[in-house]
Structure formats: structure tokens, C-alpha cells
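Since the structure comes first, as C-alpha cells, the remarks are kept for the end.
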Amino acid sequence: MPTKTMLQELKRLLLDTASGGSRQLTEVESDLVQTNILLGEAIGKLGSSFMELHRSVQAQQTILEALMNGTGEFDAESIERLKGTQAQVSHHVNAAVTGLQFQDMTSQLLERIVRRVIGLREALGVLSANSFEIVPEQDQTDVELEELLASTVQAMEERLTVLDNGLWKAVRQTRMESGDIELF
């Protein structure tokens, strides 16, 4: 019959494993949702920017064609319209580039997700490795089993602490319009 200490260590091991794994999976879920939002907004921004860019280029083309065909006058108003469409083109190109830069943020999130999954797998590997030390055919004393459980609990706690401390929240941006962004 297992001792009270052994049962307490087993309970602690199971609780630590469940809560640590659950916490990491919640963070993975959060990162995936944030990644999806960023990608959706970036794609929407790119689509909008390219459509506006197309309209501005078409407006420029119309002005230039009228000037080249002789149906338009090369006056101050035409020059101002060309300058205006040129500024619009530049603005829309910059907006498209901003949308493309969000790939860096989504890449950071996906990288963090991968590190979480690897860390969780390593923590669960501790359980697997230590379970091989329990051999049903051999008589192991309660003290030996207690020591194994205690060392397994300690190893799990260390792995989960390292995982929690090693994964800072570097990517805080959730919406593209929400202000300053440090991308690189």
C-alpha cells in the first residue's frame, strides 16, 4: 500500500502536470488567435492598399493619356493632379509595406508557439523517462518510489518554470491600427 507521502507526491505531480500543461496550451491558443487576427488584418490591409494603388495609378494614367493625346492641357492644374496622384501612390505603397511587415509579428508568434510545444513535450518527456524507473517485477521500497516521485515532481516544476520564464510576451500588438509597433 502506498504511503501518504507517496500519494501526496503523486497528487502534486499530476496537478503540476495538468496545470502547467493547461497553462501552456492556453497560451498557445491565445497566440494562435492573435496570429489569426494579425493575418486577417494584414491581408485586408494589403488587399485594400493594392486596390487603392491601382485606382491611383489608373487616375495618373488617364491624366497622362489625355496630355499625350493632346486632349488635355499641360497646365498648373494638370501638374497638381499628377502630383496628387503621385502622393496617393506613395501613400498606398507605404500602407502595403506596413501590411507586409506584420509577417514579422506573426512569425514571432508562431515561433513562440513552437517553443511552447517543444517545452511542453520536454516536460512530459520527464514523466515518460521516469516511468521506466518503476519496474513492477522488482520490489521497490516505498522510500525508493517516494524519492522517484519527488525527483519527478521537482524535474517537472523546473521544466515548467524554465518554459514560463523563457517565453516573454514580446508580441503585444493585436490590431494593426492600434499605434506604435516595434517590428524589427
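This structure is a prediction, so every number in the text was calculated from the model and none was measured.
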Might you point out which heavy atoms bring [X] and [Y] nearest each other, and give the distance in Å?
X    : Y    : answer
D31  : R116 : OD2-NE, 3.9 Å
L67  : S78  : CD2-OG, 4.2 Å
S49  : A96  : OG-N, 3.5 Å
R112 : Q34  : NH2-OE1, 4.5 Å

Is [Y] reachable from [X] through a run of I, L, V, M, F, W or Y residues, each pair having side-chain heavy atoms under 4.5 Å apart?
X    : Y    : value
L109 : V114 : no
L46  : L39  : no
L110 : I118 : no

Does some side-chain heavy atom of N36 sit less than 4.5 Å from a side-chain heavy atom of L32? no
Hey, are the side chains of R55 and E52 touching, using non-hydrogen atoms and a 4.5 Å cut-off? yes
Measuring from [X]:[atom1] to [Y]:[atom2], what's the distance to the nearest 0.5 Å?
X    : Y    : atom1 : atom2 : value
H54  : Q61  : NE2   : CD    : 10.5 Å
D16  : Q154 : CG    : CD    : 11.5 Å
E80  : I63  : CD    : CD1   : 11.0 Å
S48  : I43  : OG    : CD1   : 13.5 Å
I79  : E77  : CD1   : CD    : 11.0 Å
L120 : R159 : CG    : CZ    : 12.0 Å

Pair T17, L160 - check side chain to side chain contact (heavy atoms under 4.5 Å, CB included), show working. CA-CA 9 Å; T17 302; L160 291 172; over 6 Å; no
Is S90 reaching over with its side chain to a backbone N or O of Q86, donor-acceptor style, under 3.5 angstrom? no
Walk me through whether E157 and V153 qualify under side chain to side chain contact (heavy atoms under 4.5 Å, CB included). CA-CA 6 Å; E157 287 174 347; V153 167; 3.7 Å; yes
I would like to know whether E27 and R23 meet salt bridge (charged side-chain N to carboxylate O under 4.0 Å, His left out); could you show each step before the answer? CA-CA 6 Å; E27 289 296 324; R23 187 174 56 252; over 6 Å; no
